[in-house]
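Lettering follows sequence order; numbering is per chain, from 1.
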Amino acid sequence: MQDRKTFYITTPIYYPSGKLHIGNTYTTVAADTMARFKKMTGYDTYFLTGTDEHGQKIERRAQEAGKDPQTFVDEIVADTKKLWQLMDVEYDVFMRTTDPDHVKAIQRIFRRMLDQDDIYRSVYEGQYCASCEAFWTATQLVDGHGCPDCGKPTELVQEESYFFRMSKYQDWLIQYIEDHPEFIQPPSRANEMLQNFLRPGLQDLCVSRTTFSWGVPVDFDPKHVVYVWIDALFNYVTALGYMGDDDTLLQKYWPAQVQLVGKDIVRFHTIYWPIMLHSLGLPLPRQVFAHGWLLFGNDKMSKSKGNVVYPPPIVARYGADALRYYLMREMPFGADGNYTNRALLNRINSDLANDLGNLVRRTTAMLDKYFGGVIPAPNAYEAVDQALIDKTEALPPAFEEEMDALQFSQALQEVWRVVSECNRYIDLTQPWVLGRDESGTPRLQTVLYVLAEAIRVIGVLIYPVMPTTSRRIHQQLGIEDEALTTWDSINTFGALPSGGKVQQGEALFPRIDIEKDLAELEQGDQPEPEPEPTVPETPAKPEIAFDDFEKLSMKVARVISCEAMAGSDKLLQFRLSLGQEERTVLSGIAKYHDPATLVGRKVILLCNLAPRKIRGVVSEGMLLSAENPDGSLYLLFADDQVQEGAEIG
RNA sequence: CGCGGGGUAGAGCAGUUCGGUAGCUCGUCGGGCUCAUAACCCGGAGGUCGAGGGUUCAAGUCCCUCCCCCGCAACCA
């Protein structure tokens with residue numbers, strides 16, 4: 001066993017079905033910042049990130065790309081690693097769920113769960129939607145037989161499956177969460193889980209699939225693959241050798257101190273994961289911390305909206321440190337935050353260029369000008385000096401406290417308070433006045449020493465967030481001794497020896513012409529929206545015979561009236577005329593159509609669809625509409641020449 | 001009454017645990033300084049803290065009701 005305190009931190013393992021964006025970057029940078037901080041403060045730190053490479057979606061994406069799944073994920077993984085390198089992320093292990101050791105371990109885990117009767121084999125009888133390839137529970141179904149995803153009829157399918165007895169552990173977990181308020185952070189997430197899932201009662205979880213093969217095979221029943229969440233969640237321990245040949249790392253690092261997750265996967269990490277760990281006799285992670293989403297403006301980032309932000313162009317312009325700083329500084333960790341280019345550029349200019357960069361520049365410039373670049377020894381401190389010294393000495397403990405709570409934004413705020421103090425100190429002491437004649441030299445020596453030392457401290461503290469800038473600052477101060485860049489070296493003020501030679505370098509962060517860069521960034525963003533693969537999302541339908549088509553009766557109908565349905569934000573209720581008869585039809589297009597504008601228009605109705613009761617109203621047919629890749633729906637209209645009731649065929 | 005989060009200066013946010021002068025950053029206006037990246041420092045203007053009611057000597061903070069926004073869920077034949 002180690003004497004040193006250990007600290008194990010994980011990011012989620014990302015699903016490599018496409019390029020990683022700034023949201024994933026946010027989580028990973030946070031983990032990296034934390035890991036660097038803990039390393040710096042003396043912890044034996046282990047930092048895991050990786051990729052979750054199994055599952056149907058990957059299988060399908062690979063197929064579309066004409067590659068086998070392994071090749072497909074290999075390529076994306078290579079990109080992912082490049083991104084982390086670009087962002088200066090130093091993980092200790094990059095976990096891939098296709099790693100053979102991991103696969104073997106998952107198989108053992110699965111068998112062990114079966115052996116101890118936490119997993120049982122049963123027949124899954126469920127409503128299956130062939131088009132979505134998903135099972136739905138009775139309560140999820142639309143009016144008994146419609147797929148909640150695509151609305152198409154589901155069919156009753158029986159399938160052999162393995163189930164995990166979640167229900168068995170639910171009371172234990174409720175108790176655990178109540179006894180460990182720090183386990184789920186922020187606390188509102190614990191509430192959410194308790195209220196939505198735990199208290200209403202857990203269903204046993206279906207933990208195997210037979211509908212696809214890209215996964216970890218169940219070794220004793222090879223037509224099944226292990227449910228991807230078991231496969232994925234356990235990476236956090238298989239990476240340490242759990243159920244492998246050598247579990248030294250597991251002994252040393254497990255349980256994790258912090259597992260970072262996005263708010264969308266809180267449920268998996270705070271319900272299924274703890275239960276499964278517990279069932280295997282493993283301790284739970286100390287904390288699962290759910291951070292918020294990075295929104296773009298106020299919109300959710302999504303590929304179809306074309307507003308996804310990718311880091312590389314930003315890093316190319318401003319450097320990884322600037323982006324890392326922005327991500328960690330702009331929003332409190334845990335809440336949703338906004339990403340905007342303007343906010344990023346504002347931060348860079350005001351915090352990094354004006355406050356920090358300029359402070360370093362003016363200090364080193366004065367050292368150059370007055371002392372030939374040599375750091376002088378201080379003389380007696382006066383009140384004004386002592387005030388700044390006190391604040392600088394108080395900084396590391398305050399910083400550590402905020403960091404330990406993962407309040408990166410607060411931690412940085414503390415540092416910047418002192419940056420500001422330094423700038424103010426220069427105004428108060430007026431070194432340029434002191435430099436006018438020799439009588440001022442003793443004070444000038446003190447003032448510039450205090451500044452240099454304060455900046456050294458700041459340089460150390462920003463290291464977890466901005467490793468490169470930290471190094472550059474120390475370089476500019478002429479610090480060569482590594483010992484002067486450590487956490488311990490900033491406990492007391494004054495470790496910086498005099499006599500060092502300052503090296504004025506380039507501006508740390510050149511000021512940005514915001515309006516100009518903003519325009520260029522928007523330009524550069526244009527080609528970014530991914531050519532959203534429209535085809536793949538809707539799997540091709542099988543060829544049909546003419547007879548099949550003949551079964552459909554479609555007619556042109558005139559809209560007599562149309563109004564939004566009370567209590568629904570999606571449904572419009574139509575009264576339609578088919579010439580001879582009238583019908584009531586509901587359609588879920590309220591978000592995209594103003595009912596008033598539809599009256600009198602000629603639409604296309606599928607007439608011989610079985611009537612269906614929705615929200616208490618019987619819908620007699622379906623209006624044809626077209627769906628965009630982003631899910632927006634638009635009615636199809638017939639030409640005015642066509643009479644109502646006209647047959648379509 | 002599905003669950004949760006939120007509504008505080010022009011913008012973005014903190015403060016609400018445990019009531020006691022409404023704060024920070026950016027922007028804006030005025031002043032100062034010249035070491036510095038047109039940067040830095042000081043000061044001003046700007047808020048009935050979503051609405052209404054209640055408790056209290058005192059409410060952004062506690063209680064009740066309501067409105068609006070955002071996720072999830074549900075619903076899109």
Next item on the list: Please list, chain by chain and in numerical order, all residues satisfying side-chain contact (heavy atoms from CB on, under 4.5 Å) with A:R361, sequence neighbours excluded.
Entry: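 Residues passing side-chain contact (heavy atoms from CB on, under 4.5 Å) with A:R361: A:Q504, A:A507.
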
Item checked: Gap in Å between the two P atoms, one belonging to B:rA73 and one to B:rA51, rounded ->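 Their P atoms lie roughly 32 Å apart.
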
Notebook entry, point to check: In whole Å, what is the span from the OH atom of A:Y325 to the P atom of B:rU25?
Noted result: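 Taking OH of A:Y325 and P of B:rU25, I get 12 Å after rounding.
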
Margin query: Can you measure A:R329 atom CZ to B:rG12 atom C1' for me and round it to whole angstrom units?
Written below: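 For the pair A:R329 CZ and B:rG12 C1', the rounded distance is 11 Å.
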
Checklist line | Same-atom distance (C1') from B:rC41 to B:rG50, integer angstrom | finding: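 That atom pair is separated by 38 Å.
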
Margin query: I need the CD-P distance between A:E414 and B:rU25, as an integer number of Å.
Written below: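 Interatomic distance, CD of A:E414 to P of B:rU25: 13 Å.
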
Check: Using a cut-off of 4.0 Å between protein heavy atoms and nucleotide atoms, how would you tag nucleotides 34-40 of chain B 5' to 3' with B, S and -?
Finding: SBBB-SB

Next item on the list: Not counting sequence neighbours, list each pair that qualifies as a salt bridge (charged side-chain N to carboxylate O under 4.0 Å, His left out) and has a residue in residues 436-445 of chain A.
Entry: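 For residues 436-445 of chain A, and leaving out neighbouring residues, the salt bridge (charged side-chain N to carboxylate O under 4.0 Å, His left out) pairs sorted by first residue read A:E382-A:R443, A:D385-A:R443.
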
Notebook entry, point to check: With sequence neighbours left out, what residues match A:E414 under side-chain contact (heavy atoms from CB on, under 4.5 Å)?
Noted result: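 A:E414 satisfies side-chain contact (heavy atoms from CB on, under 4.5 Å) with A:L395, A:A398, A:E402, A:R417 once adjacent residues are dropped.
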
Item checked: Gap in Å between the two C1' atoms, one belonging to B:rA22 and one to B:rG47, rounded ->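 It comes out at 8 Å once rounded to the nearest Å.
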
Margin query: When the C1' atoms of B:rG20 and B:rU34 are compared, how many Å lie between them, rounded to an integer?
Written below: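 Rounded to whole Å, the distance is 45 Å.
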
Notebook entry, point to check: Just checking, is any N or O donor in the side chain of A:N354 or A:R511 under 3.5 Å from an acceptor N or O on the other one?
Noted result: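 Yes.
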
Next item on the list: Just jot down the side chain to side chain donor-acceptor pair (under 3.5 Å) partners of A:R472, sequence neighbours excluded, or say none.
Entry: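 Expected list: none.
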
Note to self: For A:E506, is there any backbone N or O sitting under 3.5 Å from a side-chain donor or acceptor partner on A:Q476?
What the structure shows: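 At least one qualifying donor-acceptor pair exists.
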
Note to self: Below 30° counts as parallel, above 60° as perpendicular, anything between as tilted: where do the rings of A:W229 and A:F268 land?
What the structure shows: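 Aromatic pair A:W229/A:F268 classed parallel.
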
Notebook entry, point to check: Hey, which of these two, A:Q410 or A:R347, hits RNA chain B nearer its 5' end, going by closest nucleotide?
Noted result: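 The residue mapped nearer the 5' terminus is A:Q410.
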
Next item on the list: Return the set of residues passing side chain to side chain donor-acceptor pair (under 3.5 Å) with A:T27 (not counting sequence neighbours), or none when no residue passes.
Entry: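 Expected list: A:H291.
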
Checklist line | RNA chain B: stems of at least 3 consecutive Watson-Crick or G-U pairs whose donor-acceptor distances fall under 3.5 Å | finding: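 In RNA chain B, stems of three or more pairs: B:2-7 with B:67-72, B:10-13 with B:23-26, B:28-32 with B:40-44, B:50-54 with B:62-66.
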
Check: By salt bridge (Lys or Arg N to Asp or Glu O under 4.0 Å), which residues pair with A:D390, not counting sequence neighbours?
Finding: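 With sequence neighbours excluded, A:D390 shows a salt bridge (Lys or Arg N to Asp or Glu O under 4.0 Å) to no residue whatsoever.
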
Check: Given the C1' atoms of B:rC57 and B:rC42, what is the spacing between them in whole Å?
Finding: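 Result for the C1' pair: 38 Å, nearest Å.
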
Next item on the list: Please measure how far the C1' atom in B:rU21 lies from the corresponding atom in B:rG15, and state the result in whole Å.
Entry: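 It comes out at 14 Å once rounded to the nearest Å.
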
Check: A:D204: what forms a side chain to side chain donor-acceptor pair (under 3.5 Å) with it, not counting sequence neighbours?
Finding: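 Listed in chain order: A:Y120, A:S167.
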
Next item on the list: Find the distance A:L605:CG to B:rA77:P and express it as a whole number of Å.
Entry: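 To the nearest whole Å, that distance equals 13 Å.
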
Next item on the list: Measure from CD on A:Q413 to P on B:rG23 and round the result to the nearest Å.
Entry: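 Going from A:Q413 (CD) to B:rG23 (P), I get 16 Å.
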
Checklist line | Of all pairs that satisfy ring-ring contact (aromatic ring centres under 6.0 Å, His included), the ones with a partner from residues 418-452 of chain A, not counting sequence neighbours | finding: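 Found none.
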
Item checked: P-based separation of B:rG4 from B:rU8 [nearest Å] ->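 It works out to 22 Å between them.
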
Check: If you measure from the C1' atom in B:rU28 to the same atom in B:rA9, how many Å do you get, rounded?
Finding: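 Roughly 12 Å separates the two C1' atoms.
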
Check: CD of A:Q573 versus C1' of B:rA77: gap in Å, rounded?
Finding: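 Going from CD in A:Q573 over to C1' in B:rA77 covers 13 Å.
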
Where do N or O atoms of nucleotides 2-5 of chain B meet protein N or O atoms at under 3.5 Å, pair by pair?
{"from": "B:rC3", "atom 1": "O4'", "to": "A:N196", "atom 2": "OD1", "distance (Å)": "3.2"}
{"from": "B:rC3", "atom 1": "O2'", "to": "A:N196", "atom 2": "OD1", "distance (Å)": "3.4"}
{"from": "B:rC3", "atom 1": "O2'", "to": "A:N196", "atom 2": "ND2", "distance (Å)": "2.9"}

Note to self: Checking A:L428 now: which residues fulfil side-chain contact (heavy atoms from CB on, under 4.5 Å) with it, not counting sequence neighbours?
What the structure shows: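 A:V384, A:R424.
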
Check: Within this structure, what is the CD-to-C1' distance between A:Q407 and B:rG15, rounded to whole angstrom?
Finding: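 These atoms are roughly 14 Å apart.
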
Item checked: Value in whole Å for how far the P atom of B:rA77 lies from CG of A:L586 ->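 Computing the A:L586:CG to B:rA77:P distance gives 9 Å.
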
